2 protein chains.
Amino acid sequence: MTGWQDIKAEVLARIHARAWPPGSAIPHEAALAQEFGVARATVNRALRSLAQAGWLDRRRKAGTRVALHPVRKATLSIPILRAEVTALGHAYAHRLLSRDLAPAPDAIAAALALPTATMLWHIVALHLADDAPFAAEDRWVNPAAIPGFADADLTRTSANEWLVQHAPFTHGDFTIAAARAGAGPVPIAPCGAALLTVTRTTWDGFRPITWVRLTFAQGHQIRAAL
Amino acid sequence: MTGWQDIKAEVLARIHARAWPPGSAIPHEAALAQEFGVARATVNRALRSLAQAGWLDRRRKAGTRVALHPVRKATLSIPILRAEVTALGHAYAHRLLSRDLAPAPDAIAAALALPTATMLWHIVALHLADDAPFAAEDRWVNPAAIPGFADADLTRTSANEWLVQHAPFTHGDFTIAAARAGAGPVPIAPCGAALLTVTRTTWDGFRPITWVRLTFAQGHQIRAAL
DNA sequence: GAGTGGTCTAGACCACGGG
DNA sequence: CCGTGGTCTAGACCACTCG
């Protein structure tokens, strides 16, 4: 009856009820284990979970304290566009607009830590939801990192999906920003509209794989739970 | 020498090297425990971690499979604006522009699941970085949920910080969108500029606490690692 | 029905870091 | 130094769910 989730809930309730106010130390694992009548490992599991969620600060010897600023974290999932569109109940389609081997512009080369004017694949594509523009994709792919990319049929599978399935990455980063329509390579909204852009770079170890900027149609939102 | 993190790394390496291709089943916990010469709990810790990161799909009886679409998750931390500004190396300041008790507009009432025209605190404030506008805050606070809010000195501590410290919330959600400058209650950029907005609602159990929309200055970006 | 992951235990040793 | 969290073990029972 008393699992680690129950203990987690109880501790969270005490934090929330200010029985253990922010900044104060809470009892040791051993003490809590005795109080709840469980093994220390069970308490550890509960407290570790709360620490990961940002509710507790734990340090060896210093003990466990209630976080002063409960830094809430939200997890943004980075889905494939096809999945995102179909999840919204629309029919998905995509259109490959261009695909060239071209020297990387300075900004792209810098973002990928490649020498200036390295030859990269440049892909421009449009993602559609019920035949209406959903997002414009502007992508640069490092051929050195993805040997098979030259032979990929990007008219059937979008570069987005192809890379997800064939080019595992170890890490990356992304940036969300707002931009005025009209600047990108593909017009997707009336000139002057405020659009959301997501720019992502991914790496395989130390080798840069791809840089991609998605410009979403007007009104698009990114949601997450806290 | 062989900890759960080592096992996690080894499994990840095999996934990455396609020794265990996407969609395929990997050996049972017991088998891996024997192979690595550790207890099953140690293997479990490693695999659970990989599953949480989206690399594996685990189900009782069905076993553990390499995820077909490694759904990468990024954790967005929701910092206090003061911390965000100072982290960027700027001096933080804020200015309370107005604070009224006013009937909630329909959109706000709906978002908080309150009856139309419920009386709420309406706060408008400006956050500054090195005396330049950083973000405009448009906030509605439910007085029923936060009794002490009427007495809070919001000129010293921003509503943002005051609520973080005095009004714990159990859950919430947020939405990122793009908007054209000029629509909000506070002009923060030249008319027509594309601005990033973050809208957040938070709850304490069933009671809605606050609705807030932050409109960031032109050029602001939200970053995260994958 | 039976195999698999999920969890718990009691005990142990270790690494870190505050005092 | 030495208390605290971090981790590992060997074994056990349970819950879920696939076949």
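Labels below follow one simple rule: chain letters A, B, ... track the order of the sequence lines, proteins then strands, and each chain is numbered from 1. The structure presented is a predicted model; accordingly, all values stated were derived computationally and were not measured.
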If you define the side chain from C-beta out and look only at heavy atoms, does anything of A:Leu163 sit under 4.5 Å from A:Phe149?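 A side-chain contact under 4.5 Å exists here.
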
Nearest 0.5 Å please: distance from the [atom1] atom of [X] over to the [atom2] atom of [Y].
| X | Y | atom1 | atom2 | value |
| --- | --- | --- | --- | --- |
| A:Leu56 | A:Ile15 | CG | CD1 | 4.5 Å |
| A:Trp20 | A:Thr64 | CH2 | OG1 | 9.5 Å |
| B:Arg207 | B:Leu112 | CZ | CG | 13.0 Å |

Quick one, give me the B/S/- string for nucleotides 4-13 of chain D, reading 5' to 3', where B means a protein heavy atom under 4.0 Å from the base and S means that only happens at the primed atoms, P, OP1 or OP2. BBBBSB--B-

Would you verify whether the NZ or CZ of A:Arg99 falls within 45 degrees of the ring axis of A:Trp121 while also being under 6.0 Å from that six-membered ring's centre?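 Judged by the rule, A:Arg99 and A:Trp121 form a cation-pi pair.
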
Any salt bridge between B:Glu29 and B:Arg58, counting N to O under 4.0 Å?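 Salt bridge present between B:Glu29 and B:Arg58.
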
The helix from C:dG1-D:dC18 to C:dG18-D:dC1: angle between its terminal axes, five pairs each, to 10°?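 For the helix from C:dG1-D:dC18 to C:dG18-D:dC1, the axes at opposite ends meet at about 20°.
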
If you count heavy atoms of other groups shown closer than 6.0 angstrom to CZ of B:Arg14, is the number above 12?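 Yes.
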
